[in-house]
Amino acid sequence: MNNLSFPQLVYKYCALIPKGKISTYKEIARALNNPGAARAVGNTLNKNPFAPLVPCHRVIRANGEVGGFASGPKRKIAILRQEGIIIKDNKIDLSKYLYEFNSKKSIKK
DNA sequence: GTGTTGACCACAG
DNA sequence: GCTGTGGCCAACA
């Protein structure tokens, strides 16, 4: 049992994504042991009380689209490009940049 | 407790 | 390829 609430875990996993890699809402949801909570994850990141602290821009949709961003998708794309990620027509190559979480070691449950 | 909303996902047509 | 529909979950009014 973790002491952290749902949003806390979301931010935590978000921060675990290494530079130059990205992840999807669904992957995070799965890391939280809630594979169906992709929507809740996105909703939580939207509130994003840790806006400048958490690299929420490294989280994209499962279909490879950048998804949305509080400051606009353009902002998100620009940051990802800075990270060294190649973006094509607002889409990212998941098979190259997708980061898989260790849902058993990354964070204690 | 119910209904609505949302940076989502998967499937069917 | 796109559109529509259903389903999932959490937060808020």
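Convention: sequence-line order gives letters A, B, ...; per-chain numbering from 1. Quantities reported herein were computed from a predicted structural model and do not represent experimental measurements. Side chains included, hydrogens not; waters and symmetry mates left out as well; all remaining heavy atoms used.
- Under 4.0 angstrom from either OP1 or OP2 of B:dT5 there lies no side-chain N or O belonging to A:Asn43.
- Rounded to whole angstrom, the span from the CG atom of A:Asp89 across to the P atom of C:dG1 amounts to 11 Å.
- For the pair A:Asn46 and B:dA7, the criterion of a side-chain N or O lying under 4.0 Å from OP1 or OP2 is met.
- Proximity note for A:Pro7 (side chain, C-beta onward) versus B:dA7, C:dA11, C:dA10: the nearest is C:dA11.
- For A:Glu65 and B:dC9, the CD to C1' distance is 12 Å, given to the nearest whole Å.
- Taking 4.0 angstrom as the limit, A:Arg61 places none of its side-chain polar atoms (N or O) nearer than this to OP1 or OP2 of B:dA7.
- The structure places NZ of A:Lys21 at 11.5 Å from NZ of A:Lys96, a figure rounded to the nearest 0.5 Å.
- Atoms CG (A:Asn34) and C1' (C:dC9) sit 8 Å apart, rounded to a whole Å.
- A gap of 13 Å separates the C1' atoms of C:dA13 and B:dG1, to the nearest Å.
- For the pair A:Phe6 CZ and C:dC12 C1', the interatomic distance rounds to 16 Å; values are reported in whole Å.
- Side-chain contact check for A:Lys12 versus A:Leu4: some heavy-atom pair is nearer than 4.5 Å.
- Taking atom CD on A:Glu27 and atom P on B:dC9, their separation rounds to 11 Å, with Å as the unit.
- Backbone-only engagement by A:Ala38 is indicated by non-hydrogen atom pairs under 4.0 Å involving sugar-phosphate atoms exclusively.
- Among the protein residues, A:Lys76 comes within range of the nucleic acid bases, having at least one heavy atom under 4.0 Å from a base atom.
- Close to B:dA10, at under 4.0 Å from its OP1 or OP2, lies a side-chain N or O of A:Lys26.
- Distances were taken from every side-chain heavy atom of A:Asn63 (C-beta onward) to each of C:dA11, B:dA7, B:dC9; the shortest belongs to B:dC9.
- The structure places CG of A:Leu98 at 7.5 Å from CD1 of A:Ile60, a figure rounded to the nearest 0.5 Å.
- Among the nucleotides B:dC9, B:dA7, C:dC9, the one closest to the side chain of A:Ala37 is C:dC9.
- Of the possible donor and acceptor atoms, none in the side chain of A:Lys76 sits under 3.5 Å from a partner among the backbone N and O of A:Ala70.
- A straight line from CZ of A:Phe69 to P of B:dA7 spans 13 Å, rounded to a whole angstrom.
- Ring centers of A:Tyr99 and A:Tyr97: at least 6.0 Å apart, outside the cut-off.
- Between the P atom of C:dC9 and the CG atom of A:Asn33 lies a distance of 12 Å, rounded to the nearest Å.
- Taking atom CG on A:Leu45 and atom P on B:dT5, their separation rounds to 21 Å, with Å as the unit.
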